Amino acid sequence: MKDRLTLALCANAIGDFKIKPLLVYHSEKPRAFKAYKVMKEKLQVLWCANSKAWVTRQFLIEWMNIVFGPSVKNYLIDNGLPLKCVLLLDNAPAHPPGLEDDLLNEFKFIKIVYLPPNTTSTLQPMDQQVISYFKKPFTKHLFKRCFEVTENTNLTLREFWKNHYNIVICLKLIDIAWQGVTERTLNSLRENYGQMLF
């Protein structure tokens with residue numbers, strides 16, 4: 001029940017393109033992966049791990065070069081758009097100045113803009129609606145699973161968390177919830193804040 005992870009979400013302001021999230025967990029190879037025969041490269045997230053489950057500069061750079069850069073480049077080319085992109089970040093420790101220097105040459109068209117300190121909750125578009133819209137279906141499906149497993153049994157909630165919920169199930173719920181964030185929700189950010197993501 002003390003398990004934790006960090007999930008970084010990203011999408012464009014128009015709302016028609018969501019980027020594969022970055023997920024940081026405390027274990028590189030959880031036992032549940034072996035039991036469910038999970039291959040990390042086929043996950044709907046970029047899987048990273050450290051003991052505190054925190055995003056680090058290294059993980060962010062990896063995500064930018066492996067996921068964000070190629071995805072955005074393909075999106076822009078496929079839609080006949082110029083290779084121009086602004087990635088809006090808050091001033092978290094994992095987002096230090098100079099991240100653009102660590103981008104591969106093919107992704108130098110990406111410009112990183114940092115929010116002023118202590119303004120994330122009011123200025124960061126993802127914090128305005130997207131994260132809350134993500135959490136609603138995640139929580140709904142989590143409790144739906146809880147009820148399905150414990151219904152007509154003597155299982156306690158503690159036993160459910162311990163024996164019937166793991167990181168693999170959590171990943172499935174993350175995927176369902178992220179897919180459930182609609183283009184309309186993302187597009188409303190553009191209406192309220194202008195095109196701030198890319």
Side-chain angles (χ1 to χ4, degrees), residues 5-25 39-50 54-134 171 174-198:
L5 58 81
T6 302
L7 185 68
L9 303 174
C10 182
N12 69 348
I14 294 172
D16 64 347
F17 187 58
K18 291 182 278 193
I19 308 289
K20 184 179 193 176
L22 166 65
L23 185 145
V24 185
Y25 193 58
M39 293 190 295
K40 285 189 289 186
E41 58 273 9
K42 293 194 174 181
L43 292 174
Q44 298 302 313
V45 297
L46 177 66
W47 183 272
C48 296
N50 65 26
W54 287 354
V55 176
T56 63
R57 178 189 177 110
Q58 176 189 345
F59 292 159
L60 186 64
I61 291 167
E62 185 179 343
W63 175 80
M64 287 172 64
N65 284 313
I66 293 173
V67 176
F68 183 78
S71 299
V72 171
K73 188 173 184 179
N74 290 338
Y75 171 86
L76 294 172
I77 291 170
D78 291 347
N79 287 280
L81 299 168
L83 286 181
K84 292 182 179 179
C85 168
V86 173
L87 176 63
L88 185 64
L89 296 174
D90 59 22
N91 62 340
H95 307 157
L99 281 174
E100 288 176 1
D101 298 338
D102 294 308
L103 288 170
L104 298 174
N105 283 335
E106 62 184 299
F107 307 131
K108 293 297 184 183
F109 65 89
I110 298 169
K111 179 173 176 56
I112 299 174
V113 175
Y114 296 90
L115 292 169
N118 306 315
T119 59
T120 300
S121 61
T122 54
L123 293 181
Q124 172 62 279
M126 297 302 269
D127 278 0
Q128 298 305 315
Q129 294 176 356
V130 178
I131 293 172
S132 64
Y133 276 99
F134 169 83
L171 286 168
I174 286 171
D175 187 40
I176 290 168
W178 189 223
Q179 293 303 319
V181 175
T182 65
E183 182 174 335
R184 182 177 176 192
T185 299
L186 294 167
N187 199 301
S188 68
L189 299 174
R190 182 169 61 98
E191 293 167 7
N192 294 330
Y193 299 96
Q195 290 196 15
M196 296 177 73
L197 299 183
F198 75 81

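Counting begins at 1 with the first residue of the sequence. The model shown is predicted, which means the values in this text are computed figures rather than measured ones.
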With side chains defined as the heavy atoms from C-beta onward, is the minimum distance between Val55 and Trp63 less than 4.5 Å? no

What I'd like to find out is whether the side chain of Val72 reaches to under 4.5 Å of the side chain of Ile19, using heavy atoms alone. yes

Looking at Lys108 and Glu100, would you say the former's side chain and the latter's main chain have a donor-acceptor pair under 3.5 Å? yes

Under the side chain to side chain contact (heavy atoms under 4.5 Å, CB included) test, which residues partner Pro96, sequence neighbours left out? Arg57, Leu99

Nearest non-hydrogen partners of Tyr114 and Gly98, listed with the distance: OH-N, 4.1 Å

Main-chain N/O of Val181 paired to Lys18 side chain as donor or acceptor, under 3.5 Å: yes

Atom pair OG1/OH of Thr6 and Tyr25 - distance to nearest 0.5 Å: 12.0 Å

Could you measure the distance from the CG atom of Leu81 to the CD1 atom of Ile14? Nearest 0.5 Å is fine. 7.0 Å

Taken to the nearest 0.5 Å, the spacing of Phe134 CZ from Thr185 OG1 works out to 13.0 Å

Using 0.5 Å steps for rounding, measure from the CG atom of Asn12 to the OH atom of Tyr75. 4.5 Å

Check whether any side-chain heavy atom of Cys10 lies under 4.5 Å from a side-chain heavy atom of Leu87, and answer yes or no. yes

Under 4.5 Å between any side-chain heavy atoms of Phe109 and Pro82, yes or no? no

Heavy-atom side-chain proximity of Leu186 to Asp16 below 4.5 angstrom: no

Show the nearest heavy-atom pair for residues Ala94 and Leu60, with the distance to one decimal. O-CD2, 3.4 Å

Residue pair Trp178 / Val130, side-chain heavy-atom distance below 4.5 Å: yes

Is Lys20 reaching over with its side chain to a backbone N or O of Leu43, donor-acceptor style, under 3.5 angstrom? yes

Report yes if the side chains of Gln44 and Ile174 come closer than 4.5 Å at any heavy-atom pair, otherwise no. no

Look only at the side chain of Asp175 and the backbone of Leu171, and say whether a donor-acceptor pair between them is shorter than 3.5 Å. no

Under the side chain to side chain contact (heavy atoms under 4.5 Å, CB included) rule, collect the residues that match up with Asn65, sequence neighbours excluded. Ile61, Leu103, Leu104, Phe107

Any side-chain heavy atom of Cys85 within less than 4.5 Å of one from Phe68? yes

Could you give the distance from NZ (Lys40) to CG (Leu46), rounded to the nearest 0.5 Å? 10.0 Å

Looking only at heavy atoms, the pair that brings Val67 and Ser71 closest together is O-OG, 2.7 Å

Quick one: pull up CD1 in Ile112 and CG in Leu88 and give me the separation to the nearest 0.5 Å. 10.5 Å

